[in-house]
Amino acid sequence: MDYIIYATFVVIFISMGTVVILYSSHIRAKAWAALSLDSKKNIAEAAVTYAALTNIKRKAKMIKLCRYIAVATLLLSWAYFVSNSTSNGIGSDELRNWILFLGNTIFTIALIVEVSLNAYVTKVAKNTVPSVLSGKQVKMIWRLYVMSRIFFVIGCSAGSLLTHSVFS
């Protein structure tokens, strides 16, 4: 019976995270469409110059790497847990539980690192690249971004609990 609750949490929170990301993309696209061609050109030039900085390139690569590490670790821990519960695999129940817990913990930490790196890049970009959005919109986009990551952490934690309840 627990698995129904966990499955509901997974569906609700992953869906909410996705909707929040889509909404923030809509806000950005709407603001970009409202700009004149000269403003778009100036912003694009400044963004290209900013992205070419070596420190920013390294941070952008680290942000992408954090996302990949988070997802890969979580999926691998789920795969290990499921494969060792359906077959008579090597490892005790305690080891399987620890690997599931460790995968979920690394997922959460990697998303926290991603958010903090993104905060740094955004803070540096404020001084370099002209913004498409107003001050209120920038704050709202940042809040939506953080909210989406929180929803994904809750949804994937519920997914780990779902995996544990179904396959143990």
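Along the sequence shown, the residues carry numbers beginning at 1.
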Discussion item. Would you compute the distance between atom OG of S160 and atom CG of L102 and round it to the nearest 0.5 angstrom?
Written reply: 11.0 Å
Worksheet item: With hydrophobic residues grouped by side-chain heavy-atom distances under 4.5 Å, do Y50 and L117 end up in a single group?
Response: yes
Discussion item. Is there a path of hydrophobic side-chain contacts, each under 4.5 Å between heavy atoms of I/L/V/M/F/W/Y residues, joining L100 to V71?
Written reply: yes
Worksheet item: Does anything in residues 64-73 pair up under side-chain hydrogen bond (donor to acceptor under 3.5 Å, both in side chains), and if so which pairs, sequence neighbours excluded?
Response: R67-E114
Worksheet item: Any side-chain heavy-atom pair from I14 and F151 closer than 4.5 angstrom?
Response: no
Worksheet item: Is there side-chain contact between L75 and F107, with at least one heavy-atom pair below 4.5 Å?
Response: no
Worksheet item: Should L53 and V124 be counted in the same cluster of Ile, Leu, Val, Met, Phe, Trp and Tyr side chains packed under 4.5 Å apart?
Response: yes
Discussion item. Just to verify, what does A51 make a side-chain contact (heavy atoms from CB on, under 4.5 Å) with, not counting sequence neighbours?
Written reply: none
Item to complete: Write out all pairs satisfying side-chain hydrogen bond (donor to acceptor under 3.5 Å, both in side chains) with one or both partners inside residues 21-33, taking only residues at least two apart or from two chains.
Response: none
Discussion item. Tell me whether K57 at atom NZ has more than 12 heavy atoms from other residues, nucleotides or ligands lying less than 6.0 Å away.
Written reply: no
Worksheet item: So, do I27 and L144 sit near enough that their side-chain heavy atoms are less than 4.5 Å apart?
Response: yes
Fill in: Joint cluster assignment, L161 & I4, ILVMFWY side-chain distance < 4.5 Å
yes
Worksheet item: Can you list every pair that meets ring-ring contact (aromatic ring centres under 6.0 Å, His included) and has a residue in residues 111-147, with sequence neighbours left out?
Response: W142-Y145
Worksheet entry | Rounded distance (nearest 0.5 Å) linking atom OH of Y6 with atom CZ of F9 | 9.0 Å
Worksheet item: To the nearest 0.5 Å, how far apart are OG in S77 and CD1 in I99?
Response: 8.5 Å
Worksheet item: Does the side chain of L162 come within less than 4.5 Å of W78's, by heavy atoms?
Response: no
Worksheet item: Going hydrophobic residue to hydrophobic residue with side-chain gaps under 4.5 angstrom, can you get from I12 over to V20?
Response: yes
Worksheet item: Can you name the residues that form a side-chain contact (heavy atoms from CB on, under 4.5 Å) with T49, not counting sequence neighbours?
Response: none
Worksheet entry | Approximate separation, where rounding is to 0.5 Å, of N118 CG and I63 CD1 | 4.0 Å
Worksheet item: Got a second to check how far L74's CG is from I69's CD1, nearest 0.5 Å?
Response: 13.5 Å
Practice prompt. For S36, check side-chain contact (heavy atoms from CB on, under 4.5 Å) against everything at least two apart and list the hits.
Written response: D38, S39
Fill in: OG1-NZ distance between T122 and K59, expressed to the nearest 0.5 angstrom
12.5 Å
Discussion item. Please evaluate residues F81 and V166 with respect to the criterion side chain to side chain contact (heavy atoms under 4.5 Å, CB included), reporting the C-alpha separation (whole Å), side-chain torsions for both, the decisive distance (0.1 Å), and the verdict.
Written reply: CA-CA 11 Å; F81 190 87; V166 169; over 6 Å; no
Worksheet item: Testing I21, V19, T18 for side chain to side chain contact (heavy atoms under 4.5 Å, CB included) with S148, which one passes?
Response: I21
Item to complete: Quick one: sort the F101 and W98 rings into parallel, tilted or perpendicular, breaks at 30° and 60°.
Response: perpendicular
